[in-house]
Amino acid sequence: MKKSIRQLCFSACLVGAWLTASTWSGAADWPGFRGPGGTGTSPEKGLPVRWGPGEGLRWKVELPGRGLSNPVIARGRVYLTACSGYREGRLHVLCFDAATGKKLWERQFAATGSTVRHPKTCMAAPTPVTDGNAVYCLWATGDLAALDRDGNLLWYRSLVGDYPDVSNQVGMAASLALIGDTLLLPMENAGDSFAAGIDKKTGKNRWRVKRARDINWVTPVLVNVGGSPAALFQTSKEATAYDPEKGTVRWAFAGEKLSTILSPAVGGGMVFVPGADLLALRPRQDGGTPEVLWKTGKMRAAYASPVYSKGRLYGMGGVALNCLDARTGDEVWSQRVAPGPLAASPVLADDKAYVVNELGVTTVIALGDKPKVLATNRLYEAKTVEDRDRILATPAISGGAIYLRSDRHLFCIGAKAGR
């Protein structure tokens with residue numbers, strides 16, 4: 001009986017945490033990869049629509065090294081990771097004041113794992129996650145650290161020290177997620193591959209499960225079916241939902257040619273699994289195999305994950321943002337964006353989509369039954385390929401501002417503080 005009560009209370013806490021992340025009715029925070037719950041959406045209103053080089057910026061700061069990780073924002077502070085030095089062996093965590101861009105603190109660590117990588121990525125590829133009181137950082141080297149909001153080290157782990165057979169052949173890039181007091185850790189690779197639930201207070205494993213040995217960059221997302229939150233991990237052959245407390249399998253879907261880069265989207269009681277075809281799944285409350293509602297080949301993006309909002313699914317297909325009816329998979333519209341390579345995922349807010357390409361050009365699209373391009377904003381004018389301050393990180397939204405992170409800078413786009 002006591003065990004049942006404890007489980008019920010824990011489930012209620014998880015549901016509360018999931019609902020908070022999904023509906024975001026509180027402070028305007030952006031706590032992890034693709035924002036609250038990994039949804040890629042924000043309830044913010046009145047966001048900037050137009051900006052340019054030296055125009056419309058709240059502030060701009062220079063960074064000590066490269067990073068694909070997104071900025072995360074909570075309680076007026078912006079956290080970011082970076083890497084620098086010989087073979088990117090120096091790992092950075094930085095904290096800025098969201099209103100002014102003033103650097104509040106910076107901490108550095110020495111990498112304990114391999115820094116081998118593909119030229120596209122770097123060691124600061126995984127996005128950190130924050131609960132407002134602490135920030136939890138993972139690097140592609142397998143280094144994992146927790147610091148409080150003032151930069152004091154709470155705990156630190158060398159995952160390659162704990163698991164020496166972890167392999168980093170091209171640079172791991174999957175990000176942490178947080179549900180309740182559990183950090184969801186994706187460590188899928190060609191060596192000792194696993195997923196784990198980490199106690200955020202101690203850094204110790206709550207659970208650890210073996211995963212297929214495969215190079216995989218998919219970030220876990222939160223799924224809620226029948227009031228039971230689950231942690232969804234995806235590989236090329238399976239999407240698996242785990243109990244966040246125990247690591248037991250809630251349900252699984254076996255597929256072929258599922259994406260090893262794009263993260264799933266969740267909404268309307270469905271899970272949208274990207275791959276060679278994007279699949280719309282309806283999980284079953286009894287833990288059985290999810291039903292395939294529809295599939296489409298119209299969202300075959302290289303890096304950008306799909307986003308669900310208000311009964312519609314948005315995702316990149318080539319140089320266009322596509323909008324589908326989430327119930328049927330039928331195309332509602334397709335809108336071309338500014339040309340150029342694109343790695344960042346689109347984000348939605350205030351009935352608008354923000355799509356930023358690697359050249360620092362953001363296309364702002366008004367959503368609806370018919371799309372409308374409101375602006376095409378450039379952060380800078382590149383004179384040569386070498387001058388390009390590339391943007392591969394997904395934008396973050398918080399406090400009436402849009403945050404864009406490039407190879408060398410962090411930009412905060414919005415009205416100056418106090419205006």
(request) Not counting sequence neighbours, list each pair that qualifies as a ring-ring contact (aromatic ring centres under 6.0 Å, His included) and has a residue in residues 172-212. (result) Tyr163-Phe194, Trp207-Tyr242
(request) Determine yes or no for a side-chain-to-main-chain donor-acceptor pair under 3.5 angstrom, with Ser398 supplying the side chain and Ala28 the backbone. (result) yes
(request) Could you tell me whether the side chain of Asn70 and the main chain of Thr127 form a donor-acceptor pair under 3.5 Å? (result) no
(request) Ignoring hydrogens and angles, tell me if any N or O in the side chain of Ser345 forms a donor-acceptor pair with the backbone of Ser305 under 3.5 Å. (result) yes
(request) Hey, could you give me the CH2/CG distance between Trp105 and Asp150, rounded to the nearest 0.5 Å? (result) 8.5 Å
(request) Examine distances only and state if a side-chain atom of Arg312 and a backbone atom of Ala326 form a donor-acceptor pair shorter than 3.5 Å. (result) no
(request) List the steps, then state whether side chain to side chain donor-acceptor pair (under 3.5 Å) holds for Asn377 with Thr362. (result) CA-CA 5 Å; Asn377 304 312; Thr362 302; 5.8 Å; no
(message) Tell me whether Asp29 contacts the main-chain N or O of Pro31 through its side chain, where contact means a donor paired with an acceptor under 3.5 Å.
(response) no
(request) Assess the side chains of Thr260 and Asp214: does a donor N or O sit below 3.5 Å from an acceptor N or O? (result) no
(request) Mark yes or no for whether Arg149, through its side chain, and Arg75, through its backbone, hold a donor-acceptor pair below 3.5 Å. (result) yes
(request) Determine whether Val307 and Pro346 make a side-chain contact, defined as any pair of heavy atoms from C-beta on separated by less than 4.5 Å. (result) yes
(message) Within the structure provided, determine whether Glu44 and Ile402 are in side-chain contact (heavy-atom separation under 4.5 Å).
(response) no
(request) Could you grab the distance from atom NZ of Lys103 to atom CG of Leu410, nearest 0.5 Å is fine? (result) 12.5 Å
(request) Mind checking salt bridge (charged side-chain N to carboxylate O under 4.0 Å, His left out) for Arg378 and listing every partner two or more places apart, or none if nothing turns up? (result) none
(message) Assess, by modelled atom type and distance only, whether the side chains of Thr81 and Ser69 contain a donor and an acceptor separated by less than 3.5 Å.
(response) yes
(request) Answer yes when Asp325 and Arg327 have at least one side-chain N-carboxylate O distance shorter than 4.0 Å, and no when they do not. (result) yes
(message) Nearest 0.5 Å, please: how far is CE in Met316 from CG in Asn322?
(response) 7.5 Å
(request) Could you list the residues that satisfy salt bridge (charged side-chain N to carboxylate O under 4.0 Å, His left out) with Lys372, not counting sequence neighbours? (result) none
(message) Tell me the closest heavy-atom pair linking Trp333 and Pro371, and the distance in Å.
(response) CG-CD, 3.4 Å
(message) Could you check whether any side-chain N or O of Glu62 sits under 3.5 Å from a backbone N or O of Arg408, counting only pairs where one atom can act as donor and the other as acceptor?
(response) no
(request) Report the C-alpha separation of Asp199 and Lys204 in whole Å, then their side-chain angles, then the decisive distance to 0.1 Å, and conclude whether the salt bridge (Lys or Arg N to Asp or Glu O under 4.0 Å) test is met. (result) CA-CA 6 Å; Asp199 188 315; Lys204 297 180 179 179; over 6 Å; no
(request) Indicate yes or no for a side-chain donor-acceptor contact from Thr296 to the backbone of Leu278 under 3.5 Å, with no hydrogens or angles considered. (result) no
(message) With rounding to the nearest 0.5 angstrom, report the CD to CH2 distance, Glu188 to Trp217.
(response) 13.5 Å
(request) Could you tell me which non-hydrogen atom of Asp192 sits nearest to which non-hydrogen atom of Lys210, and how far apart they are? (result) OD1-NZ, 3.0 Å
(message) If you count heavy atoms of other groups shown closer than 6.0 angstrom to NZ of Lys352, is the number above 12?
(response) yes
(message) Less than 3.5 Å apart, any donor N or O on the side chain of Ser167 or Asn189 sitting next to an acceptor on the other?
(response) no
(message) Going by the rule ring pair (Phe, Tyr, Trp, His ring centres under 6.0 Å), which residues pair with Tyr79 if we only count those two or more places apart in sequence or in a different chain?
(response) none
(request) Please determine if Asp243 and Arg206 form a salt bridge, counting it only when a charged side-chain N lies under 4.0 Å from a carboxylate O. (result) no
(request) Keeping the roles fixed (side chain from Thr219, backbone from Ser263), state whether a donor-acceptor pair exists under 3.5 Å. (result) no
(message) So, taking the atom named CZ in Phe96 and the one named OH in Tyr403, what distance separates them when rounded to the nearest 0.5 Å?
(response) 11.5 Å
(request) Could you pull out all residues at least two apart from Tyr136 that satisfy side chain to side chain donor-acceptor pair (under 3.5 Å)? (result) Asp131
(message) Could you measure the distance from the CG atom of Asp351 to the CG atom of Leu47? Nearest 0.5 Å is fine.
(response) 11.0 Å
(request) List for me each residue that meets salt bridge (charged side-chain N to carboxylate O under 4.0 Å, His left out) alongside Arg117, sequence neighbours excluded, and say none if there are none. (result) Glu88
